A.B. asks: 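To start, I am sharing the structure in question, which I have written as structure tokens.
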There are 2 protein chains.
Amino acid sequence: MKNNKEIKKTGNIRIQSQHKIMIAASTEFVLQGFKGATVQSIADRAGLPKANILYYFKNKENIYHAVLEHTLQMWDEGIGDITPEDGPKAAIEKFIDAKVRMSFKHPESSKIYAMEIIQGAQHLKDFARTYQRKWVREKAQLFQQWIDNGEMRDVDPIHLIFLIWSSTQHYADFETQILTIMNRADYEDEDVEHVIAFLTDMILRGCGLN
Amino acid sequence: MKNNKEIKKTGNIRIQSQHKIMIAASTEFVLQGFKGATVQSIADRAGLPKANILYYFKNKENIYHAVLEHTLQMWDEGIGDITPEDGPKAAIEKFIDAKVRMSFKHPESSKIYAMEIIQGAQHLKDFARTYQRKWVREKAQLFQQWIDNGEMRDVDPIHLIFLIWSSTQHYADFETQILTIMNRADYEDEDVEHVIAFLTDMILRGCGLN
DNA sequence: ATAAAAGTTAACTATATGGTCAAGACCTAG
DNA sequence: CTAGGTCTTGACCATATAGTTAACTTTTAT
């Protein structure tokens, strides 16, 4: 009880502050990059004095790590799992649906992750990379089995995953460009559904599932 | 003659130095981002003293602008043109072929461009954005005509272009991740052909052209 | 041959920034 | 009420870095 309360009270302000800082930091990292985002700019955006930021995170790198980790975790949770029972059609539908929704809901996460990869994944821990390799290979194997069973066309499963990945992520990462091209200020709710429908249709057909 | 020689000689060293600097700068900008890339690091990579860099480019921003402009120009030249006579199949084939080859040949360009867009295209001149909108809309209209003529399935042409764009670009931008997943150190020549074949097959089929 | 132009570079400066510190405010438990 | 912890924050410092300058060398034009 006592311990509980301590966590509830003392922990709360810590969590809350850290959360507020991470939100602000995400924006700054997207806008300015890791080096370009200054602790001061993060502080300003979070509405806190700089020293307070450094009180909750030992240094800028730690903020970035926290943000990255949070991103990975969100990705991991958001991307529902695919099972052999799903069959190829449902699997692709689930996968596209989840990724597109995530792209539209958390574009900053996608952007930060993309920048990290583009720059060579210098801050990404080895285990994260290995984890992803395992994930992709596992899913690819599922697709391969469906192919072997004649449940879908014989397409390279690894590249199929890349295709889904890239085409869905694009709406987050290239938001600016896409909005410019569509001559719009913001995405709207219908866009999500439209994109899901479009991509699902195209890719299912590519796999001979339509 | 005199004038010619002057351009040939004097211009040469200028062009050569600028080129060398831009190559080095590209790498640094990809690796460290705009703010993270220091003039010194660019100088070191180019094998020149810092002051020499600043002699050829007034400041860091100018180096970045030159690199960006070069990238845009290359993209513009590399992406062959599509004409109404091509018909949808050849158009898609040409487009994918050109973009994939560019991704594998000049990944840094693709990366710099991607980072610029992700960060909100803060350095991109308005005319470049407008130009791209025009380009995409123009091509989309072509596809729309083919659709109206019953030459291909009725898919959203703008999103079709996004799909081709994203899936091809991905191999440049996410190089690091893709190599990790494929457990490889580098791309090989066959990869280009394989990717072209895979994407062309998938997307043509998606458009009902196969 | 020579003067002007172009190129090279070490040394310097001003500033921005990451991070520290210490003093004090504010909780919380007993 | 008070002692120990947590939180807050202005002031400070060391360093990294963009950009300048000025002296010097090399190239080019005539």
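It should be emphasised that the depicted structure is a prediction, and the values quoted were computed from it without experimental measurement.
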A.B. asks: Could you write out each protein N or O paired with an N or O of nucleotides 17-21 of chain C at a distance under 3.5 Å?
C.D. replies:
unit_1 : atom_1 : unit_2 : atom_2 : d
C:dT17 : OP1    : B:K35  : NZ     : 3.4
C:dG18 : OP1    : A:K60  : NZ     : 3.2
C:dG18 : OP2    : A:V39  : N      : 3.0
C:dG18 : N7     : A:K50  : NZ     : 3.1
C:dG19 : OP2    : A:K60  : N      : 2.9
C:dG19 : N7     : A:K50  : NZ     : 3.2
C:dG19 : O6     : A:K50  : NZ     : 2.7

A.B. asks: If we fit an axis to the first five pairs and another to the last five of the helix from C:dA1-D:dT30 to C:dG30-D:dC1, what angle do they make, to the nearest 10°?
C.D. replies: 20°

A.B. asks: Does B:Y56 put a side-chain nitrogen or oxygen below 4.0 Å from OP1 or OP2 of C:dT8?
C.D. replies: yes

A.B. asks: Which residue pairs satisfy the salt bridge (charged side-chain N to carboxylate O under 4.0 Å, His left out) criterion with at least one member in residues 63-84 of chain B, sequence neighbours excluded?
C.D. replies: B:D81-B:K139

A.B. asks: Could you list by number each residue of residues 19-31 of chain A showing a heavy-atom separation from DNA chain C of less than 4.0 Å, or answer none if no residue does?
C.D. replies: none

A.B. asks: Can you list every pair that meets salt bridge (charged side-chain N to carboxylate O under 4.0 Å, His left out) and has a residue in residues 120-129 of chain A, with sequence neighbours left out?
C.D. replies: A:D126-A:R129

A.B. asks: Under the ring-ring contact (aromatic ring centres under 6.0 Å, His included) rule, collect the residues that match up with A:H194, sequence neighbours excluded.
C.D. replies: B:H159

A.B. asks: Check whether the ring centres of A:H65 and A:F57 lie less than 6.0 Å apart, and answer yes or no.
C.D. replies: no

A.B. asks: Of all residues at least two apart in sequence or in a different chain, which pass the salt bridge (Lys or Arg N to Asp or Glu O under 4.0 Å) check with B:D189?
C.D. replies: none

A.B. asks: In whole angstrom, what separates B:I42's CD1 from D:dG19's P?
C.D. replies: 10 Å

A.B. asks: A:D44 CG to C:dA16 C1': how many Å, rounded?
C.D. replies: 14 Å

A.B. asks: Rounding to an integer number of Å, can you tell me how far A:F57 CZ sits from D:dC7 P?
C.D. replies: 13 Å

A.B. asks: Which residues satisfy the side chain to side chain contact (heavy atoms under 4.5 Å, CB included) test with A:R137, sequence neighbours excluded?
C.D. replies: A:R133, B:N183

A.B. asks: Could you tell me which residues satisfy salt bridge (Lys or Arg N to Asp or Glu O under 4.0 Å) with B:D86, sequence neighbours excluded, listed by chain and number?
C.D. replies: B:K94

A.B. asks: In this structure, how many angstroms lie between the P atom of C:dA23 and the CG atom of A:N52, rounded?
C.D. replies: 19 Å

A.B. asks: Can you measure B:Q16 atom CD to C:dT8 atom P for me and round it to whole angstrom units?
C.D. replies: 11 Å

A.B. asks: Return the value, rounded to whole Å, for the distance between atom CG of B:L48 and atom C1' of C:dG7.
C.D. replies: 11 Å

A.B. asks: Could you list all the side chain to side chain donor-acceptor pair (under 3.5 Å) pairs where at least one residue sits in residues 38-59 of chain B, not counting sequence neighbours?
C.D. replies: B:E28-B:S41, B:E28-B:R45, B:T38-B:S41, B:Q40-B:D44

A.B. asks: With sequence neighbours excluded, what pairs up with B:E175 under the salt bridge (Lys or Arg N to Asp or Glu O under 4.0 Å) test?
C.D. replies: B:K111

A.B. asks: Sub-3.5 Å donor-acceptor pair from the side chain of B:Q132 to the main-chain atoms of A:Q177, do we have one?
C.D. replies: no

A.B. asks: Could I get the full list of side-chain hydrogen bond (donor to acceptor under 3.5 Å, both in side chains) partners for B:S110, not counting sequence neighbours?
C.D. replies: B:Q169, B:D173

A.B. asks: Would you indicate, yes or no, if D:dT8 has its OP1 or OP2 atom less than 4.0 angstrom from a side-chain nitrogen or oxygen of A:Y55?
C.D. replies: no

A.B. asks: For C:dA6, does OP1 or OP2 lie under 4.0 Å from any side-chain N or O of B:R14?
C.D. replies: no

